[in-house]
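For reference, the structure is listed below as structure tokens.
Values below: all heavy atoms of this structure, side chains included; hydrogens, waters and symmetry mates excluded.
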Amino acid sequence: QVQLVESGGGLVQAGGSLRLSCAASIRPFSNYAMGWFRQAPGKAREFVASINWNGAITYYADSVKGRFTISRDTAKRTVYLQMNSLELEDTGVYYCAAGAYSARPNDYTYWGQGTQVTVSS
């Protein structure tokens, strides 16, 4: 059974940093691109970042470019999202997903349960 388990969310002040982790039980992990999405209250789920199967290619939403960094560790079957210079608008539930290298949620096959990130002023 494939599982994606996110961790690292929490409450942080604006301007602060958090690092999210997503541990995947997928085998082989390198068969899948990984993505991060987020959903704010009352809003649709939106793309944040994606990374291809070997970590060589990454893609970011314009709203997080230059502030967030996605990376992956194949040996640990884990994907990370380093979030710096957090803004109030970054608040939401963050989900990791495994599937095709894409910014579209429908291209991802497996999803985690999400981890809450709250940025306060």
Judged by atom type as modelled, is there a donor-acceptor pair below 3.5 Å linking the side chain of Arg45 to the main-chain atoms of Tyr95? no

Above 12 or not: heavy atoms from other molecules or residues under 6.0 Å from NZ of Lys65? yes

Minimum heavy-atom separation for Leu86 and Leu18, please, with both atom names. CD1-N, 3.9 Å

Has the side chain of Asn52 got a donor or acceptor atom that lies under 3.5 Å from a matching backbone atom of Ile57? yes

Ring centroid separation Tyr101 to Tyr59 under 6.0 Å: no

Do the side chains of Ile26 and Leu81 join up, straight or via other hydrophobic residues, at under 4.5 Å, putting them in one cluster? yes

Do Tyr32 and Ile70 belong together in a cluster built from hydrophobic side chains that touch within less than 4.5 Å? yes

Shared ILVMFWY cluster between Val117 and Trp36, side chains joined below 4.5 angstrom? yes

Do any N or O atoms from the side chain of Glu6 and from the backbone of Gln113 form a donor-acceptor pair under 3.5 angstrom? yes

I want to check something: taking the side chain as every heavy atom from C-beta on, are Val119 and Met83 in contact at a cut-off of under 4.5 Å? no

Within the side chain of Ser102, is there an N or O that forms a donor-acceptor pair under 3.5 Å with the backbone of Ala100? no

Would you call the rings of Phe37 and Tyr108 parallel, tilted or perpendicular, where under 30° means parallel and over 60° means perpendicular? perpendicular

